[in-house]
Amino acid sequence: MAALALLALLLPGVLGNEFSVLRSPESVVFRDGKWPIPGDRIPDVAALSMGFSVEEDLSWPGLAVGNLFLRPRATVLVTVKGVDSLALLKNVVSYPLENAVPFSLDSVANSIHTFFSEETPVVLQLAPSEERVYMVGKANAVFEDLSVTLRQLRNRLYQDNSILSSLPLNSLSRNNDVDLLFLSELQVLRDISNLLSRHKHLAKDHSPDLYSLELAGLDEIGKRYGEDSQQFKDASQILTDFLQKFADEMYNLYGGNAVVEVVTVKAFDTPLVRKTRTVLQTKSKAVKGNLYNLAHRYSANYAVVFNIVLWLMLGIALAVIIISYGLWNIDPGYDGIVYRMTNQKIRMD
């Protein structure tokens with residue numbers, strides 16, 4: 001009995017996190033069941049649902065084959081830290097999340113950039129904990145004015161068309177940094193949908209889009225006020241309603257052909273490998289050049305152009321050597337056609 005009681009206490013902590021699908025088209029089938037999904041395989045689920053291949057086969061029964069000839073035009077994945085689950089709608093398909101390790105959709109972004117580099121895919125990866133936004137593709141200009149740093153986010157909240165004018169704050173305060181951080185992340189979601197609604201051609205092209213958004217404001221509210229506080233309860237309810245509205249907006253903007261997913265993680269099992277910054281840190285150092293010391297991104301046609309130039313130069317060099325060798329060892333009296341015709345003409349005369 002003691003062992004069963006201990007297992008009952010440990011099981012919610014292991015499988016308390018969730019992977020939920022808010023909206024999905026008919027071509028992407030998520031089966032209703034409580035099959036646990038490993039946290040490190042979430043990028044593979046996103047890749048397979050978009051029609052890309054993965055290095056290792058995924059033997060997870062939650063994702064069915066679906067329509068192979070009709071893939072979604074967008075995948076939106078929102079990661080919420082600080083809570084193991086949200087009170088989402090009843091028709092939302094949710095799966096327990098095991099081994100909640102930090103993950104990224106870089107592999108999916110690289111696939112989109114490789115296969116659709118000549119088009120205008122929207123690949124936006126936002127990590128507020130590191131105050132950085134990755135944008136890949138020719139659609140970057142649309143999201144250039146998107147607020148990223150803490151100062152930009154705070155200034156954005158005090159503009160006339162911010163969510164502060166329409167969102168009920170309840171127990172949250174406009175004068176608290178932690179509350180403003182949580183509200184600023186919601187403002188980013190609103191700005192993304194508004195920018196996309198003003199540039200609907202990005203949602204109607206043939207290239208798939210990817211949105212990977214990480215929200216850490218609720219986690220900071222829980223650390224500041226406690227998970228039993230009214231502020232945390234109000235923030236959880238506000239975030240739940242906002243995510244469902246955001247999912248409907250993105251789903252409708254893509255004409256019902258988008259997958260919107262939410263990952264709720266109480267805390268990651270392992271720390272991030274790369275060094276990160278705290279979400280409340282405001283001071284930043286100016287770094288010149290390449291911030292992350294990344295290699296130059298080459299085009300997908302780089303290998304083709306390189307091989308064409310390489311073998312063409314080798315062929316030309318070999319041809320020059322053979323021609324030069326033949327000219328050097330030529331016999332004017334025997335090999336030269338000018339001398340042969342001249343000698344015959346002299347003999348005839």
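When reading the values below, keep in mind they use all heavy atoms of this one structure, side chains included, and skip hydrogens, waters and symmetry mates. Here the structure is a predicted model, which is why all the values come from computation and not from measurement.
For residues 244-266, no pair satisfies ring pair (Phe, Tyr, Trp, His ring centres under 6.0 Å), with sequence neighbours left out. Within the structure, every pair that satisfies the ring pair (Phe, Tyr, Trp, His ring centres under 6.0 Å) test and touches residues 49-98, not counting sequence neighbours, is listed here: Trp60-Tyr95. Residue pairs satisfying the side-chain hydrogen bond (donor to acceptor under 3.5 Å, both in side chains) criterion with at least one member in residues 66-79, sequence neighbours excluded, are absent.
Under the 30°/60° scheme for interplanar angles, the aromatic rings of Phe306 and Tyr302 are found to lie parallel.
Partners of Gln187 under the side chain to side chain donor-acceptor pair (under 3.5 Å) rule, at least two apart in sequence or in another chain, are Asp191. Legend: residues meeting salt bridge (charged side-chain N to carboxylate O under 4.0 Å, His left out) with Asp179, ordered by chain and number and at least two apart, are absent. Shown here are the side chain to side chain contact (heavy atoms under 4.5 Å, CB included) partners of Ala317, two or more places apart in sequence or in another chain: there are none. With sequence neighbours left out, the side chain to side chain donor-acceptor pair (under 3.5 Å) criterion links Arg23 to Asp248. Residues satisfying the side chain to side chain donor-acceptor pair (under 3.5 Å) criterion with Gln152, sequence neighbours excluded, are absent altogether. Among residues two or more places apart in sequence or in another chain, the side chain to side chain donor-acceptor pair (under 3.5 Å) test is passed with Glu249 by Ser193. Every side chain to side chain contact (heavy atoms under 4.5 Å, CB included) that Gln237 has, sequence neighbours left out, goes to Asp241. Partners of Arg41 by salt bridge (charged side-chain N to carboxylate O under 4.0 Å, His left out), not counting sequence neighbours, listed by chain and number: Asp44. The side chain to side chain contact (heavy atoms under 4.5 Å, CB included) check on Leu314 picks up Leu310, Trp311, with sequence neighbours excluded.
When all heavy atoms are compared, the tightest approach of Ala247 to Val260 is CB-CG1, 3.5 Å.
Annotation: Tyr325, atom OH; neighbour count of heavy atoms from other residues, nucleotides and ligands within 6.0 Å does not exceed 12.
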